[in-house]
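Report on the following structure.
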Protein chains: 4
Amino acid sequence: MSEGGPSRTAHHGNRHGRSERARQAVLEAADDLLVERGFAGVTIEGIAARAGVAKQTIYRWWSSKVDVLIEAFVDDMAQYLTPPDEGDLEHRLRTHLSRSARFLTRTAPGAVFRALAGQAQHDPEVAARFRAECLGPLRALDRLPLERAVERGELPPDTDLDFAVDQLVGPLYYRVLVTGHPVPEEFTDALVERFLALTRLPIQ
Amino acid sequence: MSEGGPSRTAHHGNRHGRSERARQAVLEAADDLLVERGFAGVTIEGIAARAGVAKQTIYRWWSSKVDVLIEAFVDDMAQYLTPPDEGDLEHRLRTHLSRSARFLTRTAPGAVFRALAGQAQHDPEVAARFRAECLGPLRALDRLPLERAVERGELPPDTDLDFAVDQLVGPLYYRVLVTGHPVPEEFTDALVERFLALTRLPIQ
Amino acid sequence: MSEGGPSRTAHHGNRHGRSERARQAVLEAADDLLVERGFAGVTIEGIAARAGVAKQTIYRWWSSKVDVLIEAFVDDMAQYLTPPDEGDLEHRLRTHLSRSARFLTRTAPGAVFRALAGQAQHDPEVAARFRAECLGPLRALDRLPLERAVERGELPPDTDLDFAVDQLVGPLYYRVLVTGHPVPEEFTDALVERFLALTRLPIQ
Amino acid sequence: MSEGGPSRTAHHGNRHGRSERARQAVLEAADDLLVERGFAGVTIEGIAARAGVAKQTIYRWWSSKVDVLIEAFVDDMAQYLTPPDEGDLEHRLRTHLSRSARFLTRTAPGAVFRALAGQAQHDPEVAARFRAECLGPLRALDRLPLERAVERGELPPDTDLDFAVDQLVGPLYYRVLVTGHPVPEEFTDALVERFLALTRLPIQ
DNA sequence: TCTTAAGCGAGACGGTACGTCCGGTCTTGAA
DNA sequence: TTCAAGACCGGACGTACCGTCTCGCTTAAGA
């Protein structure tokens, strides 16, 4: 992509493989349109026009606008969310949850995520892809601090990590996607506090 | 259709007031289409055709298909969810949560709710109406057992009920709307158990 | 439909019958585009844009651009070609043939006719409609002077009129559509002269 | 072509000169598509696919599908039409006209001719090439018997041959391209009879 | 003998127009 | 005044071809 590349100059058509330039332009155009005009404002024709790309080029590589948005999300997600690995468990969880809240409510990929989560309610196929390709990686990041905590003896070895994740992030997503309430740090901190309080109880 | 009676056919028009028949037919048609074909399969033209109603009649009384679905949801919701008032707090909460899970995942109004929650991600106006008219009543039902528990001394009087509701139902909605995991009774029971365990802690 | 009309002002939609305004605008736009840009320059989208009409309105009433052009031709044809009924047979035939040549080569409906004749070579359905709706009336006009001549005794009563028409106008159409040669009055006059010379022969 | 040859696969490329194999395949594919699916069914992509040839190879040597069809017609025409040179003028003309009618209505190159004549109505450039390369040779063949007749004294030396050709074949083309009527031998014979009858008149 | 440049297959690209679906507005005539 | 009916303008859909381009292979003339 950088050094040498197949060709420095823009080109149309290429026997081996697609145009990276077109791919990037499409993903960015979709992202931009979503942020600027909302999900209904994202249309294949609009993406094509803004990306300076032919509609057929989009249909050649993606099956729908949702497909484009999923790829855009996956491309962008990584750079936003890596759970911290410093300090004690409480600090790490607090940081991760508050970063997650910020990611979901304030960033462009967060907006894409919310749109895809919305569309997943309307279409089982979208739901499946959304869960596999968008939610999966996110959830893996959510598990990471807990897995490390188990390894380090900060949590009992028989902890049900899936249930723990549901307890920790469930209320967060509920606020973001359902009630629309803001998610201040006090809220995420309180979630962490309650969660950790339970781990110190003799019961379970 | 031609000869005879004042009219064999349903009446067209009514000088005074709207046609209740048309209203019901529209709401049912919208409901049915949602369940049969999903949100994208619900169109104003489709509703009109199935309800035997003119498009204009729909636009006269509703502003969009979402508006129709909200009204359909409000009409149906009541009969499904009334939190129980028997037994102790744990039992009441368990029953309510498991009923809520069933409502969201297995009933027609639950499907409407999920579709509206999805559309709320795409459109702030929908989000506002959805929260006010659909989520509000549900959330009031979620608070009810906790409010009663405070009155009866089963919970401390300074309990933050909104936060409590978020903790209790957040993971449930998260599963239903985000991860798509099933929501068995073990899950809702565990949520209640953790929640009540915390109320017995000296902290808070 | 003419005086007073259902409404002086433009309107959208009408329970009973279509918009005459839209119909006229479409036919004129098609005519204009054909003359200005040729047959390939006539597109449904182009007609719609120039007529200020939605594509669907065109598809509702016509099945293709050829369908539009046929109707445009039929609408316009009448005012151009009425064979004269003054003078003797030779004069009437000369006038009619030279008018026909002018019609085909110099007028807008003539251009439409040539385009449709061309398209008829590509599509049997177009050919059938073209012959029934465009050529038929024209050919009836071609027969008229000969029929009158038979009635008046200027031609023998057993004359094969169809063959006579082929002989008279065949070379004309051949020049216009095939060789592209000009069709001056000398040419049409000579055709008439030869044709009449034969009627004076004892043979037949 | 499969086993043994210097190469199993068809050759790709040739430093000097084009591939005759590709040329033939393209012309045949175009011919076949025209006969099977009509003019609209002939597309550059379709020709390329059926001929097993790259689109670019077509564009390298031809400028359009019409260009391909013209070359296909020229390649095929010769073998069909050579006016006979036996018997008296009447017999030779009768034979030539009835063969011409058969050629135009019943043979593959005849179908190509009709399609090109159609397209010539839509595009002046096509018209020019069509007249020069397709019609010219045919018309030369039409003149040939008349020229010979003049040489042999069967026709007066001052006969206007172009006009004679128009008279003889005009009605034939008119039937084929315009009215779509069948062209039986009686028709062509009658044309010849009338034409010759005039040459025996004192007038002209 | 070894280059090397032209012809070739494949196919991605930016476009244009297609014919369809639906949205939301408007008008009509009957009830 | 509301209703069923349905024509209207508008805009996006997904498809088919257009004509251009790049690519890597094949091949034969000439260095």
Side-chain angles (χ1 to χ4, degrees), chain A residues 6-7 9-19 21-22 40 43-46 48 51-61 63-65, chain B residues 6-7 9-19 21-22 40 43-46 48 51-61 63-65, chain C residues 6-7 9-19 21-22 40 43-46 48 51-61 63-65, chain D residues 6-7 9-19 21-22 40 43-46 48-49 52-61 63-65:
Chain A
S7 141
T9 96
H11 67 292
H12 303 285
N14 180 342
R15 172 160 194 186
H16 298 292
R18 60 201 282 193
S19 158
R21 179 199 139 279
T43 65
I44 297 283
E45 299 214 326
V53 143
K55 263 203 300 182
Q56 190 56 45
T57 298
I58 300 184
Y59 283 109
R60 200 182 341 265
W61 301 109
S63 63
S64 63
K65 69 175 181 175
Chain B
S7 141
T9 95
H11 84 138
H12 291 214
N14 177 345
R15 177 149 190 190
H16 301 293
R18 73 193 277 193
S19 157
R21 179 197 141 280
T43 65
I44 296 283
E45 301 212 327
V53 142
K55 272 203 304 181
Q56 189 53 42
T57 300
I58 300 183
Y59 282 109
R60 200 183 339 266
W61 302 107
S63 64
S64 65
K65 71 175 180 176
Chain C
S7 140
T9 97
H11 68 293
H12 303 285
N14 180 342
R15 170 160 194 185
H16 297 292
R18 61 199 283 193
S19 158
R21 179 198 140 279
T43 65
I44 298 283
E45 298 213 328
V53 144
K55 266 205 297 183
Q56 190 57 47
T57 298
I58 300 183
Y59 283 109
R60 199 183 340 266
W61 302 108
S63 63
S64 64
K65 70 176 182 176
Chain D
S7 135
T9 95
H11 87 134
H12 292 210
N14 177 347
R15 173 154 186 190
H16 296 292
R18 66 196 281 193
S19 158
R21 179 198 140 279
T43 66
I44 297 283
E45 301 214 326
V53 141
K55 269 203 303 182
Q56 189 55 42
T57 299
I58 301 182
Y59 282 111
R60 201 185 335 270
W61 302 108
S63 65
S64 64
K65 72 174 181 178

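In what follows, chains are A, B, ... by sequence order, proteins preceding strands, each numbered from 1. FYI, side chains are in, hydrogens and waters are out, and symmetry mates aren't considered; it's all heavy atoms of this structure.
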Quickly work out the A:Ile58 CD1 to E:dA12 P distance and round it to whole Å. 16 Å
Which residue lies more 5' along DNA chain F, comparing C:Ala51 with A:Thr43 via nearest heavy atoms: C:Ala51
Please give, in whole Å, the distance from E:dC13 P to A:Arg21 CZ? 9 Å
Whole angstrom value for the distance that separates P of F:dC18 from CD1 of D:Ile44: 6 Å
For C:Ile58 versus C:Ile44, what's the shortest heavy-atom pair and its separation? CD1-O, 3.8 Å
Any donor-acceptor pair under 3.5 Å joining the side chain of A:Lys55 to the base of E:dG15? no
Among F:dG14, F:dA4, E:dC8, which nucleotide sits nearest the side chain of A:Tyr59? F:dG14
Test of understanding: with side chain to side chain donor-acceptor pair (under 3.5 Å), list the residues that count as partners of D:Lys65, not counting sequence neighbours. none
Give a yes/no on whether any side-chain N or O of A:Thr57 is located under 4.0 angstrom from OP1 or OP2 of E:dA12. no
Measure distances between side-chain N and O atoms of D:Gln56 and base N and O atoms of E:dC8, and say whether any donor-acceptor pair falls under 3.5 Å. no
Looking at the side chain of B:Glu45, which of E:dC22, F:dC17, F:dC13 is the nearest nucleotide? E:dC22
So if I take every side-chain heavy atom of B:Ala54 and compare against F:dC8, E:dG9, F:dA5, which nucleotide ends up nearest? F:dA5
When all nucleic acid strands are considered with a 4.0 Å heavy-atom cut-off, which category describes A:Gly52: base, sugar-phosphate, or nothing? sugar-phosphate
So which heavy atom on C:Ala48 is nearest to which on C:Ala54, and how close? CB-C, 4.3 Å
Residue list, side chain to side chain donor-acceptor pair (under 3.5 Å) with C:Glu45, at least two apart or on another chain: C:Lys55
Given DNA chain F, 5'-ward residue of the pair A:Lys65 and D:Lys65, judged by closest heavy atom: A:Lys65
Spacing between D:Arg18 atom CZ and E:dA5 atom P, to the nearest angstrom: 23 Å
Just the rounded figure in Å: distance from P of F:dC17 to CZ of A:Arg60. 15 Å
Of all heavy-atom pairs linking B:Ala22 and B:Thr57, the shortest is CB-CG2, 4.4 Å
Of the listed F:dC8, E:dA12, F:dG19, the closest approach to the C:Trp61 side chain comes from F:dC8
